[in-house]
Structure formats: C-alpha cells, structure tokens
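Here the structure comes first, spelled out in structure tokens, and everything after it is commentary.
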Amino acid sequence: SQQGEEDPQALSIQEGENATMNCSYKTSINNLQWYRQNSGRGLVHLILIRSNEREKHSGRLRVTLDTSKKSSSLLITASRAADTASYFCATSRSRYNQGGKLIFGQGTELSVKP
Amino acid sequence: NAGVTQTPKFQVLKTGQSMTLQCAQDMNHEYMSWYRQDPGMGLRLIHYSVGAGITDQGEVPNGYNVSRSTTEDFPLRLLSAAPSQTSVYFCASSSTGTGVRQPQHFGDGTRLSIL
C-alpha cells in the first residue's frame with residue numbers, strides 16, 4: 001500500500017505565486033525525499049530531508065518535516081511556468097539502504113500559468 | 001552523461017506474450033529498482049537489487065522476473081503479459097554513499113500497452 005498521501009492532488013497558480021504541497025505518511029521513516037516529474041519523463045530528485053531535520057532549503061525550494069504529525073510540506077517560492085510538473089514525496093524507512101525501497105505518494109500536479 | 005537508460009520507450013504486446021524491459025546505468029550504482037506508475041497510484045516498487053547477483057521483491061512483484069548479472073544492467077521480464085500490466089515502467093539506481101540513502105536516478109520510462 002502507498003505510504004504517502006499528497007495534498008492537494010492538483011494545484012493551479014499564477015507565475016510569481018508560491019506553491020505549497022503537503023505529504024502525509026503512515027509509519028516511522030529515516031528520511032523523506034521530494035521528486036519532480038515533467039510530462040513524459042522520469043522523476044528527478046529535488047531534496048532529501050532526514051528524520052532528525054525539521055527544515056531544509058535548496059534554491060527556491062523549502063521543505064519542512066514534522067515527524068510528530070508524520071507530515072512534510074514542499075514550498076516553491078516565486079513559481080515559474082517551468083515549475084509545471086508533478087511532485088512526489090517518497091519515504092525511506094531504512095538507514096542502511098535496503099535496495100532502494102522508497103515508497104512514493106500519489107503526487108501533486110502543479111500547473112503554473114504565465 | 002547517459003545516467004539510467006531504458007529501452008524500449010514504447011511497446012505494445014498481446015496478452016500472453018513475453019518480453020524484457022532493459023535498464024542500464026553507467027554510474028556504478030549498487031542499487032537498482034523497477035517501479036510501475038499507474039494513474040492515481042503514484043509509483044509502486046516491483047523488484048529491486050542491492051548488487052550483482054542479489055534481487056528481492058517489492059510491493060507488486062507478481063508476473064515479473066528480474067536478474068542482476070552485472071552492476072550495470074537490471075532487466076525486467078514479463079512472463080505472460082496481461083492487460084493489468086499496462087503501465088509506465090521506470091528503472092532507478094542509487095549509490096550507498098556514506099551508508100545513508102542516496103537519491104535515486106530515474107530513466108525516462110517504458111510505456112507498455114497490453115492488448
């Protein structure tokens with residue numbers, strides 16, 4: 001069964017606005033990752049946050065993690081049309097790598113209109 | 001910079017046919033995985049490998065076989081294709097790094113239709 005559930009399923013905003021996507025998960029984790037998928041392409045890794053971290057930044061991306069609520073959020077600031085894509089959270093329970101067993105959420109489809 | 005290469009990009013099969021989806025990576029990654037992506041379902045793990053000669057089942061392994069004879073290649077075999085296996089298949093690889101999970105690198109997928 002899916003570990004993560006993402007909210008909203010779809011989000012439409014104007015260029016320049018901020019986009020926030022949320023991810024909830026069910027079991028304890030070692031880390032949580034966010035990926036982007038452009039239409040017709042594979043997933044691209046954006047950012048990884050470990051279970052002992054609460055916030056992480058990478059360029060226009062800000063990720064928060066609340067392990068007490070089993071939830072994470074991805075904020076994209078000053079969005080651009082090129083940010084249009086699907087965004088997935090993925091959780092890992094293993095610290096020592098168990099063969100790439102990431103569990104993915106269902107994704108948020110982001111549309112940024114120029 | 002080839003990264004993870006999947007072939008073919010598209011394939012149409014008839015029910016009952018068998019085929020092999022190819023996946024190769026040139027990053028010397030120990031870990032490789034196969035996922036399927038269906039609308040509204042996100043990605044689900046089919047099989048994975050922690051190194052040459054070692055494979056294990058993921059969340060949805062039935063109807064699929066894998067082997068890992070080299071570090072670079074991780075083919076996925078459909079034994080007897082069924083319409084329920086119509087999906088987009090993604091291969092991914094990652095390294096161990098310092099022992100903490102490293103991000104996965106994905107191929108561009110194989111779009112498979114079973115008639």
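Lettering of chains follows the sequences in order, A, B, ..., and the numbering in each one begins at 1. Treat the numbers as computed from the prediction; the structure is a model and nothing was measured.
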_Taking CZ in A/R80 as the centre, count heavy atoms belonging to other residues, nucleotides or ligands within less than 6.0 Å. Is the count above 12?_
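It does not: A/R80 CZ has 12 such atoms or fewer within range.
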
*Decide if atom CD of B/E72 counts as having more than 12 heavy atoms of other residues, nucleotides or ligands within a radius under 6.0 Å.*
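Buried by this count: over 12 neighbours within 6.0 Å.
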
Can you give each donor-acceptor pair under 3.5 Å made by side-chain atoms of residues 77-90 of chain B, sequence neighbours left out, with the distance rounded to 0.1 Å?
from: B/R77; atom 1: NH1; to: B/S67; atom 2: OG; distance (Å): 3.2
from: B/R77; atom 1: NH2; to: B/S67; atom 2: OG; distance (Å): 3.3
from: B/Q85; atom 1: OE1; to: B/A82; atom 2: N; distance (Å): 3.0
from: B/Q85; atom 1: NE2; to: B/G63; atom 2: O; distance (Å): 3.3
from: B/T86; atom 1: OG1; to: B/P83; atom 2: O; distance (Å): 3.1
from: B/T86; atom 1: OG1; to: B/I114; atom 2: N; distance (Å): 2.9
from: B/S87; atom 1: OG; to: B/Q37; atom 2: N; distance (Å): 3.4
from: B/S87; atom 1: OG; to: B/Q37; atom 2: O; distance (Å): 3.0
from: B/S87; atom 1: OG; to: B/D38; atom 2: OD1; distance (Å): 2.8
from: B/Y89; atom 1: OH; to: B/Y64; atom 2: OH; distance (Å): 2.7
from: B/Y89; atom 1: OH; to: B/Q85; atom 2: O; distance (Å): 2.6

*In terms of heavy-atom proximity below 4.5 Å to chain B, should A/Q9 be classed as side chain, backbone, both, or neither?*
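Neither part, no heavy atoms under 4.5 Å.
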
*asked:* Quick test of your reading: applying side-chain hydrogen bond (donor to acceptor under 3.5 Å, both in side chains), list the pairs with at least one residue in residues 7-17 of chain B, sequence neighbours left out, ordered by first then second residue.
replied: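 For residues 7-17 of chain B: none.
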
*asked:* Rounded to the nearest 0.5 Å, what separates atom CG in B/L45 from atom CD1 in A/I103?
replied: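 B/L45 atom CG to A/I103 atom CD1 measures 6.5 Å (nearest 0.5 Å).
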
*Hey, what do you get for NE2 (A/H45) to CZ (B/F106), rounding to the nearest 0.5 Å?*
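Rounded to the nearest 0.5 Å, the NE2-CZ separation comes out at 10.0 Å.
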
*Counting only N and O atoms by type, is there a donor-acceptor contact under 3.5 Å from the side chain of A/Y35 to the main-chain atoms of B/Q104?*
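Pair found, side chain donor or acceptor close to backbone of B/Q104.
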
